[in-house]
Amino acid sequence: MGHLRALERLEQLARLMDSRFRIPGTGIRFGLDPVLGLVLGLGDALAALPALYILFEARRMGVPRSLRLRMLFNIGIDFLFGSIPILGSVFDVGFRANKRNVALLRRHVEERAHAAPGVKPAARTL
């Protein structure tokens, strides 16, 4: 049950970073990640901290190394392309590495729950 609570917190963090706000009159959603990316030099490093926290929590949950490496790859892509001034923030709006990683984590937790008899997987909220 502790993993499910942690997963819910990570989903809230991913929403804040990737899709918390909406541009009025459009379906375009964005979070703090692309906004922080507008701060040259420091912004993308600050935006990487929550992403690394999600990765750290995945390790604490016992996620296999191969899945953590996939998550790290998503973080690297986000950091690399997100570091491009202005265009990087546009990339961040579409790529949403945090939501991708939490979705991978949720899928892993649900698969593990299906393997354990009598454990009901959580409702998907992402």
Check: Would you find more than 12 non-hydrogen atoms of other residues, nucleotides or ligands less than 6.0 Å from R68 atom CZ?
Finding: yes
Note to self: Nearest 0.5 Å, please: how far is CG in L10 from OH in Y53?
What the structure shows: 6.0 Å
Next item on the list: Enter the distance from I86:CD1 to I84:CD1 here, rounded to the nearest 0.5 Å.
Entry: 11.5 Å
Check: How long is the gap from CG on D44 to CG on L49, to the nearest 0.5 Å?
Finding: 11.0 Å
Notebook entry, point to check: Does some side-chain heavy atom of H108 sit less than 4.5 Å from a side-chain heavy atom of M61?
Noted result: no
Margin query: Any heavy-atom pair between the side chains of N101 and L104 that's under 4.5 Å?
Written below: yes
Checklist line | Single hit among R29, K99, R96 for side chain to side chain donor-acceptor pair (under 3.5 Å) with S19 | finding: K99
Next item on the list: Mind jotting down which residue pairs meet the ring pair (Phe, Tyr, Trp, His ring centres under 6.0 Å) criterion with at least one end in residues 55-90? Sequence neighbours excluded, please.
Entry: F81-F91
Next item on the list: Compare all side-chain heavy atoms of L13 with those of N98 and state whether any distance is below 4.5 angstrom.
Entry: no
Checklist line | Option among L55, L67, V63 that satisfies the side chain to side chain contact (heavy atoms under 4.5 Å, CB included) test with L105 | finding: V63
Next item on the list: Test salt bridge (charged side-chain N to carboxylate O under 4.0 Å, His left out) on R5 and E8 and set out the steps.
Entry: CA-CA 5 Å; R5 285 192 186 130; E8 288 172 7; over 6 Å; no
Checklist line | Interatomic spacing from CE in M71 to CG in L52 - rounded to 0.5 Å | finding: 10.0 Å
Next item on the list: Find the distance between CG (D18) and CG (L32) and round it off to the nearest 0.5 Å.
Entry: 9.5 Å
Item checked: 4.5 Å side-chain heavy-atom contact, R15 and Q12 -> yes
